[in-house]
Amino acid sequence: MLLLRWLAALAFRGRELVSLLVLAGFSLWISSQPQTVQSKFRLAFTGSVLYPVQAVVSKIVFRRGLQEELDRLRKENIRLQQDKATLMQLSDFQKTLREFEGIRPSLSYPVVGARLVSRDPLRLGGLWIVDVGSDSGVTEGMAVLTPTGLVGRIISTTNNHSKVQSLADPDCRVAVLSKRSLNPGILHSIDGSGVFVEFSVTSDIKPGDTLMTWGAGGIFPRGLPVGRVGAVRKTPANVLRTASVAPFQDPWSVHAVFVLLRPPSLRVMSDSLLSTIPGKTAVGR
Amino acid sequence: MTISDDRKKEILRGMLVPLALVVQATVVPLFSLYGVQPSLFMVAFVLFALRSGALPAVWMGFFCGLILDTYSIGTLGAFSFALTLIGFGTGQLHERRVHLGYPLRVTLLGVGAFLHDLIWHLASRHGMEHLVGFLLRVALPSALYTMLIGAIVFALRPPKSTVRNW
């Protein structure tokens, strides 16, 4: 025991030399072994020491590759989501176009398709911006419709964009007729949340009647579908009646519209003349 | 358990040698001139031995040599034997004990690289008849090329102590 302790202390003091002797001796011994023994040793060393190191390195490299792949897929996913949104918009627009083809023959004027690019956030009823302007032949006062009915009119244009006043805008008034009785009324909105028709007590307008544009003033052509009459109520003065109207085209769900390219010369009253009448800034006669 | 900065540096230094081995096997062959390659591994190994001393250098040399032996088709143990001896010899000139000037360090590298090839050739039992040709055509040009690379590396990494100026 004492001898072992003495040998250990000696080895520790001269550990550089001991390491050299042990390792160099081992190297020489293994180099003198036959090829089969060397092959076995190579295999054992590769499997026990190098393979675990290689496996760890491979795993790290693999995980890094996975991370990069994940980042790439995330970016691609965002791009695909954007593409999908764009395609859905185009699909909606195309669907509207197809629907419109059905009613095109009934229109006497050419139309131009447009997409809504923004809505006025301050006016509930809505002023909208569409992506066609004077370059496409659009001018102030033209009717804006969808395949299901009238939705508003152009109130100003630039080269590539136009501002649309929707039926639900409190400043918008449209002269309408009951399709059944041909009695007139004025379509308007009080606060932008709903649309109403106001008519004389003598007018024959009943719940369920279909309303269409009158067209007498020339801004809107006659016969464009507008909506269906709901509940009728009396006004306090009892000279007028008011009825709620369910528009054929919900103004909130409009994504694509068509502008009826009706020449301004066909209008009976110009917009500048209309604007001089108090409270009748945009009446379609 | 916290690791001191000196220990971290030692670990990092120890990792650089196997890294140099990988670079030696993958990148360095691209820089061969007329079939002669520099030994970037030998540069890193001599630097390690001078910085860390004989004991780490002996073990580092043995294991790196064993890796080279395992992946080479030659005699198993030849690289490990040569590198163990070179590690021990270079480690005797540990920076804490001896300060070597820049030209001497570069010369030491060249001598180390040449001796390594000589020992490897002998340990591989390739035969004495090829020894002179091997030394003149392979070992000597390679050692000179290694010295050139080492001269750049050693200029960037001067010794840290000035114990005794040789």
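For clarity, every value in this text was computed on a predicted model and none was experimentally measured. Labels below follow one simple rule: chain letters A, B, ... track the order of the sequence lines, proteins then strands, and each chain is numbered from 1.
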Does [atom1] belonging to [X] count more than 12 external heavy atoms closer than 6.0 Å?
| X | atom1 | result |
| --- | --- | --- |
| A:Arg63 | CZ | no |
| B:Leu136 | CG | yes |
| B:Phe31 | CZ | no |
| B:Arg125 | CZ | yes |

In terms of heavy-atom proximity below 4.5 Å to chain B, should A:Leu17 be classed as side chain, backbone, both, or neither?
both
Contacting region of A:Ser32 [heavy-atom separation from chain B under 4.5 Å]
both
How long is the gap from [atom1] on [X] to [atom2] on [Y], to the nearest 0.5 Å?
| X | Y | atom1 | atom2 | result |
| --- | --- | --- | --- | --- |
| B:Leu76 | A:Phe41 | CG | CZ | 6.0 Å |
| B:Ile119 | A:Ser27 | CD1 | OG | 11.5 Å |
| A:Leu23 | B:Leu83 | CG | CG | 11.5 Å |

Are [X] and [Y] close enough that some pair of their side-chain heavy atoms sits under 4.5 Å apart?
| X | Y | answer |
| --- | --- | --- |
| A:Phe26 | B:Phe62 | yes |
| A:Ile30 | B:Thr75 | no |
| A:Ser31 | B:Phe81 | no |
| B:Leu55 | A:Arg15 | yes |
| B:Phe88 | A:Leu21 | no |

Does the A:Arg42 side chain pair with the main chain of B:Tyr71, one donor and one acceptor, at a distance under 3.5 Å?
no
Greatest number of heavy atom pairs closer than 4.5 Å to chain A - which of B:Leu66, B:Thr84, B:Asp69:
B:Leu66
